[in-house]
Amino acid sequence: INGGFSFEGGSTKTIIGSRLAVFSAGDSQANAIIRLQTDGVYLLCALLMVPFIKIIGSEFRRNVFVSALLLWVIMSCAWSNSARGSLVSALELTLDIALSFYLLKRYKVNDLLKLLVLVGSVAAASSLFLILVFPQYGLQKRDLLTTYGAWQGIFGQKNLCGSVMTFLLLPAFFVQLDSRWARVFRGSYVVVLLIII
């Protein structure tokens, strides 16, 4: 969630990509756009969770270990070099976990797996399209020695592409499908996973 996609150079594609590539993310205008995207996603998620606030609160009380870890993360702001940044990250983590509780209460697990497979399919197709049709944006161009030309797809960096695509495509092996094409579907995902990673 801490990033956005655009056709600018690698250092302004995402905050995460620029950090991984040891770049500072572009100028202040690019940072403002990424921050606006991130804030918009969190606001949308918070609005979706409002009707379920009591259920989410009870999940935080029921999962004491998770709540204790979140409290520890928030307390770490006291000894952080960047207290404001740590607090923002702690609040974002709290919202991420609240969203997880919301999704698990709102949808069946198999439906969530189908949603991840759908997002993974769109990300994989978009990445392959960008790599093949617009290689100047889909291939990594920052490190001339070791990773020049590596596939990064719609992501800011090749390692981010690999980790996110693995996360999004793995549910294809566990989702329950009521179709005779399920084996073909899973086999095609193995091929896509091997190609992109």
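Fair warning: this is a prediction, and the values are worked out from it, not measured in the lab. Below, each value reflects all heavy atoms present in this structure, side chains not excepted, and no hydrogens, waters or symmetry copies.
- Taking hydrophobic clusters as Ile, Leu, Val, Met, Phe, Trp and Tyr residues chained together by side-chain heavy-atom distances below 4.5 Å, L112 does not share a cluster with L118.
- In this structure the side chain of L170 never reaches within 4.5 angstrom of the side chain of L116, judged on heavy atoms.
- Taking the side chain as every heavy atom from C-beta outward, L103 and L115 never approach each other to under 4.5 Å.
- With rounding to the nearest 0.5 angstrom, the CD atom of Q176 is 10.5 Å from the CG atom of D111.
- Both F134 and I154 sit in one connected hydrophobic cluster of ILVMFWY residues. Membership requires side-chain heavy atoms under 4.5 Å apart, directly or through other members.
- Of the inter-residue distances, the one linking L36 atom CG with D39 atom CG reads 7.0 Å to the nearest 0.5 angstrom.
- With hydrophobic clusters built from ILVMFWY side chains whose heavy atoms lie under 4.5 angstrom apart, I53 does not share a cluster with L104.
- Hydrophobic clustering (ILVMFWY, side-chain heavy atoms < 4.5 Å, transitive): L87 and L95 are in distinct clusters.
- With a 4.5 Å cut-off on side-chain heavy atoms, M49 and L99 count as touching.
- Between V164 and C161 the shortest side-chain heavy-atom distance does not fall below 4.5 Å.
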Quiz prompt | Criterion side-chain contact (heavy atoms from CB on, under 4.5 Å) on Y42 and L91, from CA distance to verdict | solution = CA-CA 10 Å; Y42 276 104; L91 293 176; over 6 Å; no
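- The main-chain N or O of V73 is found under 3.5 Å from a side-chain atom of S76 such that the two form a donor-acceptor pair.
- Interatomic distance, L70 CG to T94 OG1, rounded to the nearest 0.5 Å: 4.5 Å.
- Taking the six-membered ring where tryptophan is involved, the planes of W79 and W72 are tilted, since the angle between them lies from 30° to 60°.
- With contacts defined as side-chain heavy-atom distances shorter than 4.5 Å, the pair R35/T38 qualifies.
- The CZ atom of F174 lies 12.5 Å from the CG atom of N110; values are rounded to the nearest 0.5 Å.
- M165 is listed as a side-chain neighbour of F155, based on a closest heavy-atom distance under 4.5 Å.
- Cluster membership check: V175 shares its hydrophobic cluster with F173, using side-chain heavy-atom separations under 4.5 Å among Ile, Leu, Val, Met, Phe, Trp and Tyr.
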